[in-house]
Amino acid sequence: MEGNAVLFDLLERLSSLTRVWFRLHPLLAELQLVQFSALLYLARCNRYSDTPLAVTDYLGLTKGTVSQSLKALEAKGLLVKRPDQQDRRSVHLELTAPARELLGAVLPPDFLAAATARMGPAAGDLEALLGDLLRNVQRSVDVPSFGLCRTCRFHRTVDGLPFCGLTEEPLAAGDEALICREHQEPA
């Protein structure tokens, strides 16, 4: 089998095992995969990226699918919608304490933590290589990177705190470790 086919098969098998883990985990029994994926995204994104449109873009799904999933998460008490302070037509999605507790209880998946521990230092190398692969794929198909704030060409540090050069706004401490829909690779 050609190298790219082997890589594809490996990535597909890992994705399949992750979906099986998701389906079988007792704490996740009442969530659909798209709902869990939305929670994962919202737990990692910044204030510029916590909107229904950003969730739609990140997941690559239709607005209708995402809208129904967000409504279900809201009904389950796992997220709340908050109006934007500047633009009342926009809403921000905020995870509730039960949602954060749920994610804390199931992540990282036990099978992944155990496997990477057995790999030792090679696990760090694999993580770096997969990050490079992801960036190369994103560049080749011209999709938003949703990268970490600290790796963005707009990221600055002003008076020891993170600052967004795109919005010209200070960021909260810790925001540099969150993903952003406006992320752009450094030149």
Side-chain angles (χ1 to χ4, degrees), residues 7 11 14-15 18 34-61 66 70 73 78-87 90-97 99-110 112-113 115-117 119-187:
L7 178 60
L11 293 172
L14 286 168
S15 295
T18 301
V34 64
Q35 294 167 357
F36 184 60
S37 295
L39 290 178
L40 289 173
Y41 169 73
L42 290 167
R44 294 290 326 259
C45 71
N46 65 17
R47 69 178 188 238
Y48 303 115
S49 309
D50 62 359
T51 64
L53 181 58
V55 175
T56 301
D57 289 347
Y58 185 82
L59 297 179
L61 299 171
V66 171
L70 296 176
L73 290 170
L78 297 174
L79 72 78
V80 293
K81 294 178 180 173
R82 303 247 188 259
D84 186 275
Q85 297 300 317
Q86 281 76 30
D87 180 358
S90 296
V91 296
H92 294 273
L93 305 168
E94 184 179 314
L95 295 184
T96 62
R100 292 194 183 280
E101 289 171 17
L102 172 66
L103 292 174
V106 300
L107 296 174
D110 294 338
L112 182 60
T116 55
M119 290 177 69
D125 296 339
L126 176 61
E127 183 179 320
L129 288 169
L130 288 172
D132 286 345
L133 177 64
L134 175 61
R135 284 185 290 281
N136 276 290
V137 167
Q138 288 171 326
R139 277 192 293 266
S140 71
V141 294
D142 193 31
V143 295
S145 67
F146 284 91
L148 294 180
C149 176
R150 71 173 168 254
T151 67
C152 180
R153 74 182 192 101
F154 298 114
H155 183 266
R156 310 278 183 275
T157 301
V158 176
D159 296 327
L161 293 173
F163 185 86
C164 179
L166 177 65
T167 63
E168 295 294 321
E169 295 177 328
L171 303 170
D175 279 357
E176 68 277 7
L178 299 176
I179 57 177
C180 182
R181 72 185 311 250
E182 303 297 337
H183 181 272
Q184 292 184 21
E185 293 287 331

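These numbers come from a predicted model, not from an experiment.
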ask   = Counting N and O atoms only, with roles assigned by atom type, does the side chain of Asn46 sit under 3.5 Å from a partner on the main chain of Tyr48, one being a donor and the other an acceptor?
value =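 Checking the backbone N and O of Tyr48 against the side chain of Asn46, a donor-acceptor pair under 3.5 Å is found.
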ask   = Taking the side chain from Gln184 and the backbone from Arg153, do they hold a donor-acceptor pair closer than 3.5 Å?
value =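 Flag not set: sc Gln184 to bb Arg153 has no pair under 3.5 Å.
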Spatial distance of atom [atom1] ([X]) from atom [atom2] ([Y]) [nearest 0.5 Å]:
X: Cys149; Y: His155; atom1: SG; atom2: NE2; value: 4.5 Å
X: Leu95; Y: Glu101; atom1: CG; atom2: CD; value: 12.0 Å
X: Gln138; Y: Phe146; atom1: CD; atom2: CZ; value: 9.5 Å
X: Asp50; Y: Leu42; atom1: CG; atom2: CG; value: 7.0 Å
X: Leu39; Y: Leu103; atom1: CG; atom2: CG; value: 5.5 Å
X: Tyr41; Y: Leu59; atom1: OH; atom2: CG; value: 8.5 Å

Nearest heavy-atom pair of [X] and [Y]: which atoms, and what distance?
X: His183; Y: Ser145; value: ND1-OG, 2.5 Å
X: Val34; Y: Leu61; value: CG2-CD1, 3.2 Å
X: Ala113; Y: Pro108; value: CB-CG, 4.3 Å

ask   = For Thr51, which residues count as a side-chain hydrogen bond (donor to acceptor under 3.5 Å, both in side chains) partner, sequence neighbours excluded?
value =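 By the side-chain hydrogen bond (donor to acceptor under 3.5 Å, both in side chains) rule, Thr51 matches no residue at all.
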Donor-acceptor pairs are to be reported for all side-chain atoms of residues 121-133 against protein atoms at under 3.5 Å, with residues two or more places apart or in another chain.
unit_1, atom_1, unit_2, atom_2, d
Asp132, OD1, Arg135, NH2, 2.7

Mind checking whether [X] and [Y] have side chains closer than 4.5 Å, heavy atoms only?
X: Pro52; Y: Leu70; answer: yes
X: Thr18; Y: Pro109; answer: no
X: Arg47; Y: Asp84; answer: no
X: Lys81; Y: Leu93; answer: yes

Give the table of side-chain donor-acceptor pairs shorter than 3.5 Å for residues 174-182, with sequence neighbours excluded, one pair per line with atom names and distance.
unit_1, atom_1, unit_2, atom_2, d
Asp175, OD2, Ala172, N, 3.0
Glu176, OE1, Gly174, N, 3.1
Arg181, NH2, Asp57, OD2, 2.2

